[in-house]
Engineer: 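Could you have a look at this structure, given as structure tokens, before my questions?
Proteins get letters first, then strands, A, B, ... in listed order; numbering begins at 1 in each.
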Amino acid sequence: MLDIKLIRENPDFVKQQMAALQDAHAPVDAALALDEERRTLLTQVEELKARRNSESKRIGEMMRQGQRAEADQLKQEMTDVGDAIKTLDDRLKVVDEELFDAMSRIPNLPLPWVPVGKDDSENLVARTWGELPHFDFAPKPHWEIGEALNILDFERGVKLSGSRFYLLKGAGARLQRALIAWMLDVHTNDHGYSEIYPPYVVRAQTLFGTGNLPKFADNLYRDIEDDLWLIPTAEVPVTNLYRDEILAAGSLPICHVAYTPCFRREKMSAGKDVRGIKRGHQFDKVEMVKFVEPEQGEAELVTLVDNAEDIARRLQLPYRVVQMCTGDLAFSAAAKYDIELWAPGCNEWLEVSSCSLFTDFQARRANIRYRPEEGAKPRYVYTLNGSGLALPRVMIAVLESYQQADGTVRVPDVLRPYMGGLEVIR
RNA sequence: GGAGGGAUGGCCGAGCGGUCUAAGGCGGCUGUCUUGAAAACAGCUGUGGCAGCAAUGUCACCGGGGGUUCGAAUCCCUCUCCCUCCGCCA
């Protein structure tokens with residue numbers, strides 16, 4: 001959510017930014033009109049309430065002094081005032097809701113240095129790392145490698161749960177578990193994050209805080225009976241940890257890392273990426289979330305991206321960092337970098353992390369504030385998050401990059417201690 | 001799942017429709033006294049909206065929402081959460 005004051009004071013600037021974001025539907029003018037009406041109504045209704053407050057006090061005094069007639073007279077007048085207040089309040093409530101709705105549909109503003117572009121074709125590759133591997137045989141896609149090694153089972157996944165579900169077995173399951181434990185250790189030991197184990201099921205209100213509801217309800221799984229929702233990412237519970245709180249002076253930055261499964265219905269992408277484990281309804285992810293002072297936001301984004309890259313570097317997996325242009329920025333992000341691993345079997349770059357700076361956009365919606373100093377007025381924090389990393393696609397990159405001519409897969413050096421010393425999956 | 005009891009400011013806690021502008025205490029800040037500190041004494045003490053250059057004014061907030069009333073922390077309805085006991089359970 002943007003600050004309505006910013007829109008009120010710089011409407012043309014905001015509209016120009018919406019154009020850069022390729023968002024033709026952002027209801028900026030509607031928000032301006034509603035804001036105007038809201039303030040007019042507020043002034044009127046508050047005047048009436050001030051009058052009712054003081055006159056009600058007078059009625060109390062009259063009653064005490066036995067001036068029944070005068071009191072009744074004044075009561076009669078106040079009934080009318082009360083009716084007028086009710087009418088204005090009802091209208092104000094509608095306007096408030098409409099304004100909130102309009103504000104909820106206006107995306108975050110990009111930072112000034114974000115490249116302007118119309119869509120993902122104009123994203124910039126900021127840097128690449130590592131050499132693309134050369135094979136003296138035709139590298140296979142991970143689904144062939146996995147099924148041959150009996151570590152991936154698609155058919156039984158479908159039997160149990162339907163399309164887009166699969167099982168990891170034996171060394172495959174252990175490889176994923178090793179990756180999770182190792183990534184968490186790297187982030188907590190070397191990158192300064194503290195680990196969180198959050199609920200995987202949350203209330204609707206929590207999903208509002210991160211903006212997943214109401215707009216993206218179709219992509220969420222839900223238990224109707226208790227109105228609880230399965231999280232689509234750890235970002236949801238972890239960002240909401242401090243919802244409606246004022247963090248004490250000196251407590252920032254707060255850096256959390258959490259491993260969770262993620263659940264997504266993916267109805268909107270039916271038919272896309274059906275092969276392999278690239279896009280399932282259930283997948284695992286290690287997620288980093290930061291709460292920082294506004295002045296530190298951009299520097300923290302740089303380290304966040306580097307923390308995610310570090311995982312790929314330690315796995316010796318070639319990657320590239322892609323900077324989103326304005327036209328491809330996510331709704332809440334002010335700046336965003338994706339990290340993509342090379343998958344030699346699928347012959348494509350796989351997005352394994354998306355690192356975003358949300359400025360105060362999420363904090364405003366989730367009402368997360370902090371005190372710069374003890375006793376100082378609260379300010380909104382800046383939030384950031386990024387995957388560190390998403391498991392299935394790292395699994396793909398590992399299986400495909402470390403495959404050997406005989407169909408076996410070497411275990412990356414850093415994971416061997418987590419695999420009981422196993423060097424080759426055969 | 002059953003039965004009961006609760007939710008008030010940073011914390012504890014009073015509050016039986018009108019000086020609630022929320023008592024009192026703790027904590028915190030400022031000042032007096034003191035060489036300094038402690039003690040004592042005095043004053044101050046939350047969040048947000050709107051108007052205003054500002055001083056300031058005004059409204060809202062006693063778990064959330066709705067209602068009754070001229071007037072609600074207080075009465076009514078409803079939801080959420082917490083606690084105690086019973087049942088069930090890894």
Side-chain angles (χ1 to χ4, degrees), chain A residues 1-9 31-104 197-209 213-214 222-229 237 240-252 360 363-381:
Chain A
M1 188 115 44
L2 294 180
D3 185 352
I4 183 64
K5 283 181 192 157
L6 177 80
I7 301 177
R8 198 188 291 157
E9 283 158 24
L32 281 166
L34 288 162
D35 174 54
E36 184 68 39
E37 185 177 3
R38 174 176 175 273
R39 286 181 295 145
T40 305
L41 286 167
L42 206 55
T43 312
Q44 292 172 352
V45 76
E46 286 189 355
E47 228 166 77
L48 290 175
K49 283 183 180 175
R51 184 162 159 230
R52 182 177 68 181
N53 285 345
S54 62
E55 298 292 70
S56 289
K57 210 161 281 178
R58 274 183 59 207
I59 292 173
E61 283 164 25
M62 289 172 177
M63 301 289 273
R64 245 171 281 118
Q65 289 167 19
Q67 301 169 318
R68 281 297 298 271
E70 291 93 327
D72 284 344
Q73 165 82 27
L74 202 46
K75 272 191 197 179
Q76 192 59 48
E77 280 176 42
M78 286 307 106
T79 306
D80 295 342
V81 172
D83 289 345
I85 288 172
K86 179 97 169 71
T87 307
L88 288 172
D89 262 345
D90 287 347
R91 175 65 193 152
L92 187 59
K93 200 179 155 193
V94 171
V95 170
D96 268 336
E97 277 166 14
E98 286 175 359
L99 178 59
F100 181 83
D101 185 66
M103 292 299 289
S104 301
Y197 167 83
Y200 300 162
V201 173
V202 295
R203 309 158 75 178
Q205 198 185 351
T206 303
L207 287 151
F208 274 101
L213 283 179
R222 170 188 190 187
D223 168 54
I224 302 232
E225 209 163 357
D226 292 326
D227 194 24
L228 286 172
W229 304 63
N240 278 282
L241 273 181
Y242 306 108
R243 170 156 48 89
D244 294 323
E245 291 191 27
I246 299 174
L247 300 166
S251 50
L252 298 183
D360 57 1
R364 202 176 289 284
R365 182 158 183 140
N367 194 26
I368 307 170
R369 291 171 292 170
Y370 78 105
R371 287 186 207 281
E373 280 156 42
E374 213 169 317
K377 278 190 83 75
R379 298 173 73 192
Y380 288 109
V381 302

Engineer: Taking atom P in both U78(B) and C20(B), what distance in whole Å separates the two?
Structural biologist: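 Per the computed distance, 32 Å lies between those P atoms.
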
Engineer: Has the side chain of Glu46(A) got a donor or acceptor atom sitting under 3.5 Å from an opposite partner on the base of G49(B)?
Structural biologist: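 In this structure, the two groups form a donor-acceptor pair.
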
Engineer: C1' atom, G6(B) versus A90(B): distance in rounded Å?
Structural biologist: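 G6(B) and A90(B) have their C1' atoms separated by 30 Å.
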
Engineer: So for atom CD, which belongs to Gln205(A), do other residues, nucleotides or ligands contribute more than 12 heavy atoms lying within a distance under 6.0 Å?
Structural biologist: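 Atom CD in Gln205(A) is not packed in, count stays at 12 or less.
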
Engineer: Using the C1' atoms only, state how far A37(B) lies from G46(B), rounded to an integer number of Å.
Structural biologist: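 About 31 Å, rounded to a whole number of Å.
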
Engineer: Find the distance Asp72(A):CG to G71(B):C1' and express it as a whole number of Å.
Structural biologist: 14 Å

Engineer: Please determine whether a side-chain nitrogen or oxygen atom of Arg371(A) lies at a distance below 4.0 Å from atom OP1 or OP2 of U47(B).
Structural biologist: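 Result: yes.
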
Engineer: What does A7(B) pair with, Watson-Crick or G-U, if both distances are under 3.5 Å?
Structural biologist: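 Pair assignment: A7(B) / U80(B).
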
Engineer: State which of C81(B), G67(B), C59(B) makes the closest approach to the side chain of Lys49(A).
Structural biologist: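 Among the listed nucleotides, the one closest to the side chain of Lys49(A) is C59(B).
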
Engineer: If you define the side chain from C-beta out and look only at heavy atoms, does anything of Glu98(A) sit under 4.5 Å from Glu37(A)?
Structural biologist: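 In short, these two side chains do not touch, never coming nearer than 4.5 Å.
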
Engineer: Reckon Arg52(A) has a side-chain N or O less than 4.0 Å from the OP1 or OP2 of U69(B)?
Structural biologist: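 Negative; the distance criterion is not met.
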
Engineer: Looking only at atom P, what distance separates C85(B) and G18(B), rounded to whole Å?
Structural biologist: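 38 Å, rounded to whole Å.
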
Engineer: With nearest nucleotides of RNA chain B determined for Gln76(A) and Lys93(A) from heavy-atom distances, which residue corresponds to the more 5′ nucleotide?
Structural biologist: Lys93(A)

Engineer: Between the main-chain N or O of Leu228(A) and the side-chain N or O of Asp223(A), is there a donor-acceptor pair closer than 3.5 Å?
Structural biologist: no

Engineer: Can you tell me the pairing partner of U74(B) across any strand shown, Watson-Crick or G-U wobble, with both distances under 3.5 angstrom?
Structural biologist: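 For U74(B), the partner nucleotide comes out as none, under the 3.5 Å rule.
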
Engineer: Considering non-hydrogen atoms only, spot the tightest contact between Gly82(A) and Arg52(A) and give its length.
Structural biologist: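 Residues Gly82(A) and Arg52(A), closest heavy atoms: CA-NH1, 4.5 Å.
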
Engineer: Which pair of heavy atoms, one from Leu213(A) and one from Ala204(A), lies closest together, and at what distance?
Structural biologist: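 Where Leu213(A) meets Ala204(A) most closely, the heavy atoms are CD1-O, 3.8 Å.
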
Engineer: Measure the distance from CG on Leu92(A) to P on U58(B) and round it to the nearest whole Å.
Structural biologist: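 From Leu92(A) CG to U58(B) P: 20 Å.
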
Engineer: Can you tell me how far P of G10(B) sits from CD of Glu245(A), to the nearest Å?
Structural biologist: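 For the pair Glu245(A) CD and G10(B) P, the rounded distance is 13 Å.
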
Engineer: Under a 3.5 Å limit for both distances, which nucleotide forms a Watson-Crick or G-U wobble pair with A60(B), could you say?
Structural biologist: U47(B)

Engineer: Mind calculating the distance between OH (Tyr380(A)) and P (U47(B)) to the nearest angstrom?
Structural biologist: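 Taking atom P of U47(B) as the reference, OH of Tyr380(A) is at 13 Å.
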
Engineer: Side chain of Asn53(A): nearest nucleotide among G46(B), C50(B), C59(B)?
Structural biologist: C59(B)

Engineer: Taking any strand in view, what nucleotide pairs with C85(B) in a Watson-Crick or G-U wobble way, both distances under 3.5 Å?
Structural biologist: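 Here C85(B) is engaged in a pair, and the nucleotide opposite it is G2(B).
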
Engineer: Between C50(B), G18(B), U47(B), which nucleotide has the shortest distance from any of its atoms to the side chain of Arg8(A)?
Structural biologist: C50(B)

Engineer: Below 4.0 angstrom from OP1 or OP2 of C70(B), is there any side-chain N or O of Arg58(A)?
Structural biologist: no

Engineer: Tell me the interatomic distance from Ile4(A), atom CD1, to C50(B), atom C1', rounded to whole angstroms.
Structural biologist: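 Spelled out: CD1 on Ile4(A) to C1' on C50(B) is 13 Å.
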
Engineer: Using whole Å, report how far CD of Glu225(A) lies from C1' of G1(B).
Structural biologist: 13 Å

Engineer: Identify which nucleotide among U58(B), G48(B), C70(B) has an atom closest to any side-chain atom of Met78(A), counting heavy atoms from C-beta outward.
Structural biologist: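 For the Met78(A) side chain, the nearest candidate turns out to be C70(B).
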
Engineer: Find the distance Asp89(A):CG to G65(B):P and express it as a whole number of Å.
Structural biologist: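 Taking CG of Asp89(A) and P of G65(B), I get 13 Å after rounding.
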
Engineer: Where the side chain of Lys86(A) is concerned, which of C70(B), G67(B), C59(B) is the nearest nucleotide?
Structural biologist: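 When the side chain of Lys86(A) is considered, G67(B) is the closest of C70(B), G67(B), C59(B).
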
Engineer: Please state the C1' separation for the pair C62(B) and U56(B) - nearest whole angstrom.
Structural biologist: 27 Å

Engineer: What are the two closest non-hydrogen atoms of Leu2(A) and Met103(A), and how far apart are they?
Structural biologist: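 Looking at all heavy atoms of both residues, the shortest contact is O-CE, 3.2 Å.
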
Engineer: Verify the contact: side-chain N or O of Arg203(A) to OP1 or OP2 of U80(B), cut-off strictly under 4.0 Å; return yes or no.
Structural biologist: no

Engineer: Which nucleotide, in any strand shown, forms a Watson-Crick or G-U wobble pair with U69(B), with both distances under 3.5 Å?
Structural biologist: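 No nucleotide pairs with U69(B).
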
Engineer: Considering only atom P, compute the distance from C83(B) to U8(B) and round it to an integer number of Å.
Structural biologist: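 Result for the P pair: 14 Å, nearest Å.
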
Engineer: Can you tell me, in whole Å, how much space there is between the C1' of G63(B) and that of G5(B)?
Structural biologist: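 Between the two C1' atoms, the distance is 16 Å.
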
Engineer: Applying the Watson-Crick and G-U wobble criteria at under 3.5 Å, what pairs with C16(B)? Answer none if nothing qualifies.
Structural biologist: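 Result: none.
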
Engineer: Give a yes or no answer on whether the side chain of Ser56(A) reaches the backbone of Asn53(A) with a donor-acceptor pair at less than 3.5 Å.
Structural biologist: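 It does not hold such a pair.
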
Engineer: Expressed in whole Å, how much space separates the P atoms belonging to C44(B) and G48(B)?
Structural biologist: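 One P to the other, the span is 22 Å.
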
Engineer: Return the 5'-most residue of the pair Ser56(A), Glu47(A) with respect to RNA chain B, ranking by each residue's nearest nucleotide.
Structural biologist: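 On the 5' side of the pair lies Ser56(A).
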
Engineer: Taking only the side-chain heavy atoms of Leu42(A) (C-beta and beyond), determine which of A51(B), G49(B), C59(B) contains the nearest atom.
Structural biologist: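 Looking only at heavy atoms from C-beta outward on Leu42(A), the closest nucleotide is G49(B).
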
Engineer: Of all heavy-atom pairs between Leu92(A) and Leu42(A), which one has the smallest distance, and what is that distance?
Structural biologist: CD2-CD1, 3.6 Å

Engineer: For G36(B), what is the paired nucleotide under Watson-Crick or G-U wobble rules, both distances under 3.5 Å?
Structural biologist: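 Its partner: none found.
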
Engineer: For C41(B), which nucleotide is its Watson-Crick or G-U wobble mate, given both distances must be under 3.5 Å?
Structural biologist: G31(B)

Engineer: Calculate the interatomic distance between Leu34(A) atom CG and C50(B) atom P; express it in whole Å.
Structural biologist: 14 Å

Engineer: Is Lys377(A) near enough to G46(B) that one of its side-chain N or O atoms lies under 4.0 angstrom from OP1 or OP2?
Structural biologist: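 For Lys377(A), the contact criterion (side-chain N or O under 4.0 Å from OP1 or OP2 of G46(B)) is not met.
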
Engineer: What nucleotide, of C70(B), G48(B), G49(B), holds the atom closest to the side chain of Lys5(A)?
Structural biologist: G49(B)

